[in-house]
Peer 1: 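Please find one structure pasted underneath; my questions will follow.
These numbers were taken from a predicted model, which means no experiment stands behind them.
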Amino acid sequence: EDSGAGGEGHGGAPVVRSVGNVQSADMAHRRAGEGIGQAVRGHVVEDFGGSIADTGARTVQQVRGIGHGIHATGNDHRRGTYLATEHLIALGHRRIAMIGGNDAVSTGWERHKGYLDAFEAHGIAADPTLIVPAVATREGGAEAIKTLLKGRQPPTAAACYNDLTAFGVMLGLRQIGREPGRDFAVVGCDDVSEAALWNPALTSVTIDTAAMGEVAARMLLERIADHHAPRREIVLEPKLTVRASSGQGRASVIPKVPTL
């Protein structure tokens, strides 16, 4: 999507484009220029930002910070999963699974670390057998929860890597005759629009993606104006929106607690 107006037209503002996940600088330039017909002055990328920055292109990394001396903005994934897990602990759960994702990407290990942080902060030993890497899809979530509940000490709640995984967990629970929110607590992450429409509605970590995009665009315009400015990284604070899937009867927002 355009983050600014075009080249030396449209009032002289530079063209900056969000090009999503890319695998090379050439792909970024090609994708960014599609449908514009003007020179692109900068990129907002979700992945592989380093390969583009190495070419000298003005670049801002969004969602995942990977260094390379480029500006970055994203969500505090570690904090988000901490809030989700702490919420379940406050409800009395101790056998809490972490389902989905993996440590191969920064989002995965940050969310897993937040899960462990919550146990440590409350003096509870986390059970590593309840940490289940899985494909972050409905299918992955459904299969993971059905496998976990066959164990000798099954969990009573799950903090999920994302909402898609959480949807799968809820489907998997129903496939074996258990009702999410009543028999088992489920929390997701990302708070996609579908989360509030499920029955029960999904408790989830809310990420302000609109604010993230605005920050990325502003940082990129600053980067275009001064390519030698010191690297900046802005991390946005998530919040937990509580709904029925975790055993709560109505939607509300959990107040922020001091950062560890």
Peer 1: Please tell me if the side chains of Leu171 and Trp198 come closer than 4.5 Å, counting only heavy atoms from C-beta onward.
Peer 2: yes
Peer 1: Would you name the heavy atoms of Gly188 and Ala166 that are closest together and state the gap between them?
Peer 2: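 That closest heavy-atom pairing would be CA-CB, 3.9 Å.
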Peer 1: Output the distance between atom OG1 (Thr156) and atom NE2 (His93), rounded to the nearest 0.5 Å.
Peer 2: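 Rounded to the nearest 0.5 Å, the OG1-NE2 separation comes out at 5.0 Å.
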Peer 1: Holding to salt bridge (Lys or Arg N to Asp or Glu O under 4.0 Å), I want the full list of residues that pass it with Glu179, two or more places apart in sequence or in another chain.
Peer 2: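 Applying salt bridge (Lys or Arg N to Asp or Glu O under 4.0 Å) to Glu179 gives Arg174.
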Peer 1: Report yes if the side chains of His77 and Thr81 come closer than 4.5 Å at any heavy-atom pair, otherwise no.
Peer 2: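 They are not in side-chain contact.
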Peer 1: Decide yes or no on side chain to side chain contact (heavy atoms under 4.5 Å, CB included) for Val135 and Glu143, but give the supporting numbers first.
Peer 2: CA-CA 10 Å; Val135 179; Glu143 291 306 311; over 6 Å; no
Peer 1: Does the side chain of Lys239 come within less than 4.5 Å of Val205's, by heavy atoms?
Peer 2: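 When only atoms from C-beta onward are counted, Lys239 and Val205 do not touch, as no gap falls below 4.5 Å.
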Peer 1: Do the side chains of Tyr161 and Asn102 get nearer than 4.5 Å, heavy atoms only?
Peer 2: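 With C-beta onward as the side chain, the pair stays apart.
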Peer 1: Got a sec, which residues hit side-chain contact (heavy atoms from CB on, under 4.5 Å) with Val132, two or more places apart in sequence or on another chain?
Peer 2: Ala144, Leu148
Peer 1: Could you give the distance from CG (Leu88) to CZ (Arg94), rounded to the nearest 0.5 Å?
Peer 2: 10.5 Å
Peer 1: Determine whether more than 12 heavy atoms belonging to other residues, nucleotides or ligands lie under 6.0 Å from atom CZ of Arg138.
Peer 2: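 Count over threshold, so yes.
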Peer 1: Looking only at heavy atoms, what is the nearest atom pair of Tyr115 and Leu130, with distance?
Peer 2: OH-CB, 4.2 Å
Peer 1: Between Ser245 and Met170, what is the shortest heavy-atom contact and its length?
Peer 2: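 Residues Ser245 and Met170, closest heavy atoms: CB-SD, 4.1 Å.
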Peer 1: Please report the shortest heavy-atom distance between Ser246 and Leu91, naming the atom on each side.
Peer 2: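 Distance-wise, the nearest heavy atoms are O-CD1, 3.1 Å.
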Peer 1: Taking the side chain as every heavy atom from C-beta outward, state whether Asp76 and Tyr82 have any atom pair closer than 4.5 Å.
Peer 2: no
Peer 1: For residues Asp163 and Leu202, determine if any side-chain heavy atom of one lies less than 4.5 Å from a side-chain heavy atom of the other.
Peer 2: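 The answer is yes, as the side chains (C-beta and beyond) meet within the 4.5 Å cut-off.
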Peer 1: Is there a side-chain contact between Leu83 and His87, using heavy atoms and a 4.5 Å cut-off?
Peer 2: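 Contact flag for Leu83/His87 side chains = no.
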Peer 1: Ignoring hydrogens, what is the shortest heavy-atom contact between Gln175 and Lys146? Give both atom names and the distance.
Peer 2: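 Reported closest heavy-atom pair: OE1-NZ, 2.7 Å.
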Peer 1: Kindly give the heavy-atom pair with the smallest separation between Gly141 and Ile99, and that separation in Å.
Peer 2: CA-CG2, 4.5 Å
Peer 1: Cluster question for you: counting only ILVMFWY and a side-chain heavy-atom cut-off of under 4.5 Å, with indirect links fine, are Ile145 and Ile176 together?
Peer 2: yes
Peer 1: I need the Met219 CE to Glu233 CD distance, nearest 0.5 Å.
Peer 2: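 Met219 atom CE to Glu233 atom CD measures 8.0 Å (nearest 0.5 Å).
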Peer 1: Quick one: CD1 on Ile207 to CD on Glu237, what's the gap to the nearest 0.5 Å?
Peer 2: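 Ile207 atom CD1 to Glu237 atom CD measures 11.5 Å (nearest 0.5 Å).
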Peer 1: Apply side-chain contact (heavy atoms from CB on, under 4.5 Å) to Glu139 and list each qualifying residue two or more places apart in sequence or on a separate chain.
Peer 2: Thr137
Peer 1: If the condition is salt bridge (Lys or Arg N to Asp or Glu O under 4.0 Å), which residues does Asp127 pass it with, not counting sequence neighbours?
Peer 2: Arg95
Peer 1: Tell me every residue that passes side-chain contact (heavy atoms from CB on, under 4.5 Å) with Ala126, counting only those two or more places apart in sequence or in another chain.
Peer 2: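 In terms of side-chain contact (heavy atoms from CB on, under 4.5 Å), with neighbours along the sequence ignored, Ala126 is linked to Leu116, Phe119.
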Peer 1: When you check the gap from the basic side-chain N to the acidic O, do Glu110 and Lys113 get nearer than 4.0 Å?
Peer 2: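 Result for this pair is no, no salt bridge flagged.
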Peer 1: Do the side chains of Val186 and Cys160 get nearer than 4.5 Å, heavy atoms only?
Peer 2: yes
Peer 1: For Arg232, which residues count as a salt bridge (Lys or Arg N to Asp or Glu O under 4.0 Å) partner, sequence neighbours excluded?
Peer 2: Glu222
Peer 1: Measure the spacing between CG of Asp191 and OG1 of Thr203 and express it to the nearest 0.5 Å.
Peer 2: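 Output value for this atom pair is 9.5 Å.
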Peer 1: Roughly how far, to the nearest 0.5 Å, is CZ of Arg178 from CG of Leu149?
Peer 2: 5.0 Å
